[in-house]
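Step one of this worksheet: look at the structure below.
Everything numeric in this text was worked out from a predicted model, so none of it was measured. Numbers for residues simply follow the sequence, beginning at 1. No hydrogens, no waters, no symmetry mates; every other heavy atom, side chains included, goes into these values.
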Amino acid sequence: MSSNCQYQINITSDPLNINAALDHITVPSCGGSSIFCGTTRDTFQDKTVLCLEYEAYEPMAVKEIERICDELTVSCDVRRVYVAHRTGRVDICETSIIVAASSPHRADAISFVSKAVDEIKRRAPVWKKEWYEDGSVWKENCSSSCK
């Protein structure tokens, strides 16, 4: 971890609270903050989604997210990072992940959060099952369609 950056990382079955993220990343030395909240949507490829279900290998997930943060703080001057990921059932419109960061300037916070979300989805041992009206399927993490 960068000596100038403090992380808070949580893997939990409890509902996520954006105020906890804001409380952690808000510091007097930082003028830029960025927050991403991933929520369960109601459709995927024209199928009705009922809910999501997440499983994680928690100790390894926390270590991998710390490793991702360590790597990204080399190129992004962020001072505070907050990551929380749900496990268990996550209903429509509920938040499954929050990634937040603060920096003296907005560009680093925005860049960090965007890269962190992609890397967490790609590397952290967290698995997602989508429940549809006609059954369920475990989903492979994939990259964004926005390049």
Point to revise | Main-chain N/O of His24 paired to Arg80 side chain as donor or acceptor, under 3.5 Å | key: yes
**Study point:** Main-chain N/O of Arg89 paired with Arg86 side-chain donor or acceptor, under 3.5 Å
**Key:** yes
**Study point:** Shortest non-hydrogen contact from Cys76 toward Ser111
**Key:** SG-OG, 3.8 Å
Revision key, fill the gap. From the list Ile18, Ile9, Asn10, Leu22, side-chain contact (heavy atoms from CB on, under 4.5 Å) with Tyr82 holds only for Asn10
Check your understanding: For Tyr7, which of Thr73, Val78, Ile65 qualifies under side-chain contact (heavy atoms from CB on, under 4.5 Å)?
Key -> Thr73
Practice item. Quick one: sort the Tyr54 and His85 rings into parallel, tilted or perpendicular, breaks at 30° and 60°. Key: perpendicular
Practice item. Give the minimum heavy-atom separation between Asp77 and Pro104, together with the two atoms involved. Key: O-CD, 3.5 Å
Point to revise | Heavy-atom closest pair, residues Ile11 and Ala56 | key: CG2-CB, 4.0 Å
Revision key, fill the gap. Between Ser102 and Ser33 the two heavy atoms that sit nearest each other are CB-OG, 3.7 Å
Check your understanding: Taking C-beta and beyond as the side chain, do Gln6 and Gln8 meet within less than 4.5 Å on heavy atoms?
Key -> no
Practice item. Following the transitive rule for hydrophobic clusters with a side-chain heavy-atom cut-off under 4.5 Å over Ile, Leu, Val, Met, Phe, Trp and Tyr, establish whether Ile92 and Phe44 coincide in one cluster. Key: yes
Review point. Yes or no on side-chain contact (heavy atoms from CB on, under 4.5 Å) for Ser13 and Thr87, after CA distance, side-chain angles and deciding distance?
Key: CA-CA 5 Å; Ser13 60; Thr87 56; 3.7 Å; yes
Exercise for review: Enter the distance from Glu130:CD to Thr48:OG1 here, rounded to the nearest 0.5 Å.
Suggested key: 11.5 Å
Point to revise | Neighbour count above 12 (heavy atom, 6.0 Å) for Tyr57 OH | key: no
Review point. With side chains defined as the heavy atoms from C-beta onward, is the minimum distance between Val49 and Asp42 less than 4.5 Å?
Key: no
Exercise for review: Using modelled atom types only, decide if a donor and an acceptor are shared between the side chain of Thr40 and the backbone of Cys51 within a distance under 3.5 Å.
Suggested key: no
Point to revise | Cluster overlap Val62 with Ile97, hydrophobic side-chain contacts below 4.5 Å | key: yes
Review point. How many angstroms lie between NZ in Lys139 and NZ in Lys128, if you round to the nearest 0.5 Å?
Key: 7.0 Å
Practice item. Give the cluster check for Leu72 versus Phe36: same hydrophobic cluster or not, with ILVMFWY residues linked at side-chain heavy-atom distances below 4.5 Å. Key: yes
Practice item. Taking all heavy atoms of Val99 and all of Val113, pick out the closest pair and write down the distance. Key: O-CG1, 3.7 Å
Point to revise | Side-chain ion pair, Lys63 and Glu66, N-O less than 4.0 Å | key: no
**Study point:** Any Pro15 side-chain heavy atom under 4.5 Å of Glu94 side chain
**Key:** no
Practice item. Could you tell me whether Arg106 and Asp108 make a salt bridge, using a distance below 4.0 angstrom between a side-chain N and a carboxylate O? Key: no
Practice item. Please tell me if the side chains of Gln45 and Tyr132 come closer than 4.5 Å, counting only heavy atoms from C-beta onward. Key: no
**Study point:** Whether Thr26 side chain and Asp23 backbone form a donor-acceptor pair below 3.5 Å
**Key:** no
Practice item. Considering non-hydrogen atoms only, spot the tightest contact between Ile98 and Ile35 and give its length. Key: CG2-CG2, 4.1 Å
